[in-house]
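In what follows, chains carry the letters A, B, and so on, assigned in the order in which the sequence lines appear, proteins first and then strands, with residues in each chain numbered from 1.
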There are 2 protein chains.
Amino acid sequence: MKKNVKICPIDYSIDLLSKKWTLPIIYALVKKSPKRFKELEREITGISPNILSTRLKELEFNHLIEREVFPTIPPTVEYGLTEHANGLKSVFNELENFGLYHQKIKQ
Amino acid sequence: MKKNVKICPIDYSIDLLSKKWTLPIIYALVKKSPKRFKELEREITGISPNILSTRLKELEFNHLIEREVFPTIPPTVEYGLTEHANGLKSVFNELENFGLYHQKIKQ
DNA sequence: CAGTATCCAATGTGATACTG
DNA sequence: CAGTATCACATTGGATACTG
């Protein structure tokens, strides 16, 4: 992303969300949050643990999710959406409307 | 995408939109439609013509854009959003709201 | 102009093993 | 459990040249 350039907020959002698996991860946490690493891995069909790990770090860096560690044995780590990610819920609502409509027209 | 399985409309939309450059292409056409191949290539910074061509075909296959050829010399081809793609405008609105907010909290 | 062809680089996948 | 490390492999994307 370029520096010292006022970037269009839509392009900005697209940059934040466009890597592979990023949207499915956030959506899993929109449905219910927080979740543990294994829960996410099981729920998001097809993702591998190394990519899940990579994306979670990126999302944490961008303040969309937060990671909390509990000193249990075996270890527990929970990932939850931050309040900064709440605006994304409307995005998913619109994706839902669009999906419902488009599924019908496409047979 | 799996067959004979009722897929969640959100996952369905994500599948339609999650490939690299798909969202920037649609967004370019949300701003103004129709546009010619070269216009899209110039406007979408960083895209290469082969990827643009590939994505346009996919989007046409999914009925989100339509392609019209004019028998001029040199050739003119226009790409426009279909009415089926109109529901995506709300998605971009929400992406805009989110981007505006997130740009502020992230400095 | 509107693409296609080609070849190379980057990214993601899959399997497996290993650590705290 | 929650990851990281390592490779081999496949798929995707990027750069560039070229055609009708």
Inset, instruction - Could you tell me whether A/Glu41 and A/Lys38 make a salt bridge, using a distance below 4.0 angstrom between a side-chain N and a carboxylate O? - result: yes
Inset, instruction - Take the protein atom CG of B/Leu52 and the nucleotide atom P of D/dT12, then report the distance between them rounded to whole Å. - result: 18 Å
Legend entry - Which residue lies more 5' along DNA chain C, comparing A/Lys19 with A/Pro75 via nearest heavy atoms: A/Lys19
Inset, instruction - Round to the nearest Å and state the distance from A/Leu56 atom CG to D/dC1 atom P. - result: 16 Å
Inset, instruction - Find the distance A/Glu60:CD to D/dA2:C1' and express it as a whole number of Å. - result: 14 Å
Legend entry - Geometric cation-pi criterion, B/Lys57 with B/Phe61: 6.0 Å, 45°: no
Legend entry - Pair assignment for DNA chain C - dot-bracket with | for other-strand partners, Watson-Crick or G-U under 3.5 Å: ||||||||||||||||||||
Legend entry - Salt-bridge present (B/Glu78, B/Lys35; N to O < 4.0 Å): no
Legend entry - Any B/Arg36 side-chain N or O less than 4.0 Å from OP1/OP2 of C/dC1: no
Legend entry - Separation of D/dG13 P from B/Leu23 CG (nearest whole Å): 14 Å
Legend entry - Whole angstrom value for the distance that separates P of C/dA2 from CD of B/Glu41: 9 Å
Inset, instruction - State plainly whether the residues A/Glu39 and A/Arg42 are in salt-bridge range, i.e. N to O under 4.0 Å. - result: no
Inset, instruction - Could you check which of D/dT4, D/dT12, C/dG3 has an atom nearest any side-chain atom of B/Arg55? - result: D/dT12
Inset, instruction - Determine: side-chain N/O of A/Tyr79 to OP1/OP2 of D/dC1, distance under 4.0 Å, yes or no. - result: no
Legend entry - Side-chain N,O (A/Trp21) to OP1/OP2 (C/dT13) below 4.0 Å: yes
Legend entry - Given DNA chain D, 5'-ward residue of the pair B/Lys20 and A/Pro49, judged by closest heavy atom: A/Pro49
Legend entry - Residue A/Val77, side-chain heavy atoms: nucleotide from D/dC1, C/dC1, D/dG3 that is nearest: D/dG3
Inset, instruction - Over 60° means perpendicular and under 30° means parallel, so classify the ring planes of B/His102 and A/Tyr12, tilted if in between. - result: tilted
Legend entry - Minimum-distance nucleotide (side-chain atoms of A/Ile51 versus C/dA2, C/dT4, C/dG12): C/dG12
Legend entry - Whole-Å distance separating the CD1 atom of A/Ile47 from the P atom of C/dT11: 17 Å
Legend entry - Lys/Arg cation over aromatic A/Tyr27: A/Lys31, 6.0 Å, 45° cone: yes
Inset, instruction - Starting at atom CD of B/Glu43, determine the distance to atom P of C/dC1, rounded to an integer number of angstrom. - result: 16 Å
Legend entry - Straight-line distance of B/Leu59 CG to B/Ile65 CD1, nearest 0.5 Å: 4.5 Å
Legend entry - Nucleotide of C/dC1, D/dA2, C/dA2 approaching B/Pro74 most closely (side-chain heavy atoms): C/dC1
Legend entry - Any B/Lys57 side-chain N or O less than 4.0 Å from OP1/OP2 of C/dG3: no
Legend entry - Pairwise distance NZ(A/Lys89) to CD(A/Glu94) - rounded to 0.5 angstrom: 15.5 Å
Legend entry - Nucleotide C/dA17, atom C1' - distance to CG of A/Asn50 in whole Å: 13 Å
Inset, instruction - Ignoring backbone atoms, test whether B/Ser53 places a side-chain nitrogen or oxygen under 4.0 Å from the OP1 or OP2 oxygen of C/dT4. - result: yes
Inset, instruction - Tell me which nucleotide among C/dA5, C/dC1, D/dA2 gets nearest to the side chain of A/Lys38. - result: D/dA2
Inset, instruction - Considering just the side-chain nitrogens and oxygens of A/Arg67, establish if one lies under 4.0 Å of OP1 or OP2 belonging to D/dG3. - result: yes
Inset, instruction - Could you check whether B/Thr54 gets within reach of a base, just the sugar-phosphate, or nothing at all, counting any heavy atom under 4.0 Å? - result: nothing
